[in-house]
Amino acid sequence: MASSTSSALNFSYSSKLLIPRSVSSPSAQQLLPFKFCNASPSHNLTLRCSTNCSFPKPARSLSFSCKAQSSPSDSPRPSEVQELNVYEINERDRQSPAYLRLSQKSVNSLGDLVPFTNKIYTGNLEKRVGVTAGICVLIQNIPGKGDRYEAIYSFYFGDYGHISVQGSYLTYEDTYLSITGGSGIFEGAYGQVKLQQIIFPFKLFYTFYLKGIKDLPAELLGKPIPPAPHVEPSPAAKACEPHAVISNFTD
């Protein structure tokens, strides 16, 4: 037993152990040294392998790439600000606004609703473009000053689409509302709109600061007439003559 462990062990290994194909003689045999991990340094183990076997080629290496998320600057969405001016005028021909006193109180109170719709014109008052449509929820009545509403409404521009806004509507001072989206050429729009109260609730002036859309059509632009109580749409725009309206304007 002792003599067997101290001597070198040789045995024939009949399995086809892979060996480089460069060996010239198929009948030749080659001794490969092999060390058993638990043996002492003097215990060398030798494997005998026939040379009619070969090592496989290294596995094909695979690679992949990871594309980082694009930064906001890579987005094709336009970020420049475009100004659009619009007049909203209540011509007292649409039964608007309607005041729904859900509070059942004799004075304006929290929870009262005000649905409304008015006509809108370009900032130069030369063209009728459509209507507004929405609702205001009364949040606070300040005696001797006015009302604070939370407003949700849209501006309809015929074939061009619409812009939706939401935010505070004050009857006694200018406010800013958020642009929450739109359709048509206004799809993807964001930014804010300044609301200027001229004559409550009959005449308002808006300045949209639009982002996220392509260039606005020229007929919606033009030098705006400064807001004032006396300004009125052109007679042609009021009469909705063909040259004074946009295509399929919303009525």
Side-chain angles (χ1 to χ4, degrees), residues 81-157 162-182 186 189-211 220-234 237-238 250:
V81 178
Q82 298 185 68
E83 288 190 22
L84 173 65
N85 298 111
V86 169
Y87 274 95
E88 179 184 15
I89 298 179
N90 185 335
E91 297 179 349
R92 301 170 176 83
D93 60 351
R94 301 177 67 84
Q95 292 78 51
S96 173
Y99 205 96
L100 308 178
R101 294 193 179 278
L102 299 188
S103 65
Q104 299 182 352
K105 296 181 180 179
S106 58
V107 296
N108 296 353
S109 302
L110 177 65
D112 290 347
L113 301 180
V114 186
F116 67 94
T117 176
N118 297 310
K119 297 176 182 178
I120 54 176
Y121 297 86
T122 53
N124 58 12
L125 292 170
E126 293 297 322
K127 283 195 173 186
R128 168 79 184 280
V129 295
V131 299
T132 56
I135 191 167
C136 291
V137 181
L138 185 66
I139 302 300
Q140 183 183 25
N141 171 257
I142 304 176
K145 190 173 183 180
D147 294 329
R148 178 188 186 93
Y149 293 91
E150 180 67 15
I152 303 172
Y153 58 115
S154 296
F155 296 75
Y156 290 91
F157 294 82
H162 84 283
I163 303 173
S164 294
V165 302
Q166 180 176 354
S168 294
Y169 174 85
L170 307 180
T171 63
Y172 49 87
E173 65 183 43
D174 298 345
T175 55
Y176 285 86
L177 297 89
S178 298
I179 297 170
T180 58
F186 304 108
Y190 65 102
Q192 61 181 350
V193 56
K194 182 180 181 180
L195 182 159
Q196 292 178 259
Q197 194 77 245
I198 304 173
I199 303 175
F200 173 78
F202 302 111
K203 192 174 292 183
L204 301 92
F205 182 76
Y206 297 88
T207 303
F208 289 87
Y209 300 97
L210 292 159
K211 299 179 184 178
L220 295 182
L221 305 175
K223 186 177 180 179
I225 295 176
H230 66 274
V231 299
E232 292 291 338
S234 68
K238 270 193 170 185
T250 309

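Along the sequence shown, residues are numbered consecutively beginning with 1.
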Rounding to 0.5 Å, atoms CG (Asn85) and OG1 (Thr122) come to a distance of 9.5 Å
Output for pair (Leu113 CG, Tyr149 OH), nearest 0.5 Å, gives 10.0 Å
| query | Angle class for the Phe157/Phe208 ring planes (parallel below 30°, perpendicular above 60°, tilted otherwise)? | reply | perpendicular
> Tyr206 and Phe155: aromatic ring centres closer than 6.0 Å?
Replying inline: yes
Minimal heavy-atom distance between Val137 and Gly111, with the atoms involved, is CG1-CA, 4.5 Å
When rounded to the nearest 0.5 Å, the distance separating CZ of Arg128 from NZ of Lys238 is 11.5 Å
Are Glu232 and Lys203 ion-paired here, with the side-chain N under 4.0 Å from a carboxylate O?
-> yes
(message) Taking the side chain as everything from C-beta on, heavy atoms only, tell me whether Leu221 gets closer than 4.5 Å to Leu84.
(response) yes
When rounded to the nearest 0.5 Å, the distance separating CG of Leu125 from CD1 of Ile89 is 5.5 Å
Please check if any side-chain donor atom of Thr180 sits under 3.5 Å from a side-chain acceptor atom of Gln166, or the reverse. no
CG (Asp93) and NZ (Lys119) are apart, to the nearest 0.5 Å, by 3.5 Å
Smallest heavy-atom separation, Leu110 atom then Leu138 atom, equals CD1-O, 3.3 Å
CZ of Phe116 to CD1 of Ile135, rounded to nearest 0.5 Å, is 9.0 Å
Partner of Tyr87 under ring-ring contact (aromatic ring centres under 6.0 Å, His included), picked from Tyr121, Phe202, Phe205, is Phe205
For Val81 and Lys211, the nearest pair of non-hydrogen atoms, with its separation, is CG2-CE, 3.5 Å
Shortest non-hydrogen pair, Lys194 vs Asp174, comes out as CE-OD2, 3.9 Å
In terms of heavy-atom contacts, Pro201 and Asn90 come closest through O-CB, 3.8 Å
For Asp112 and Leu102 the tightest heavy-atom approach is OD1-N, 3.3 Å
Is it the case that Asn141 and Arg148 place a side-chain donor and acceptor less than 3.5 Å from each other?
no
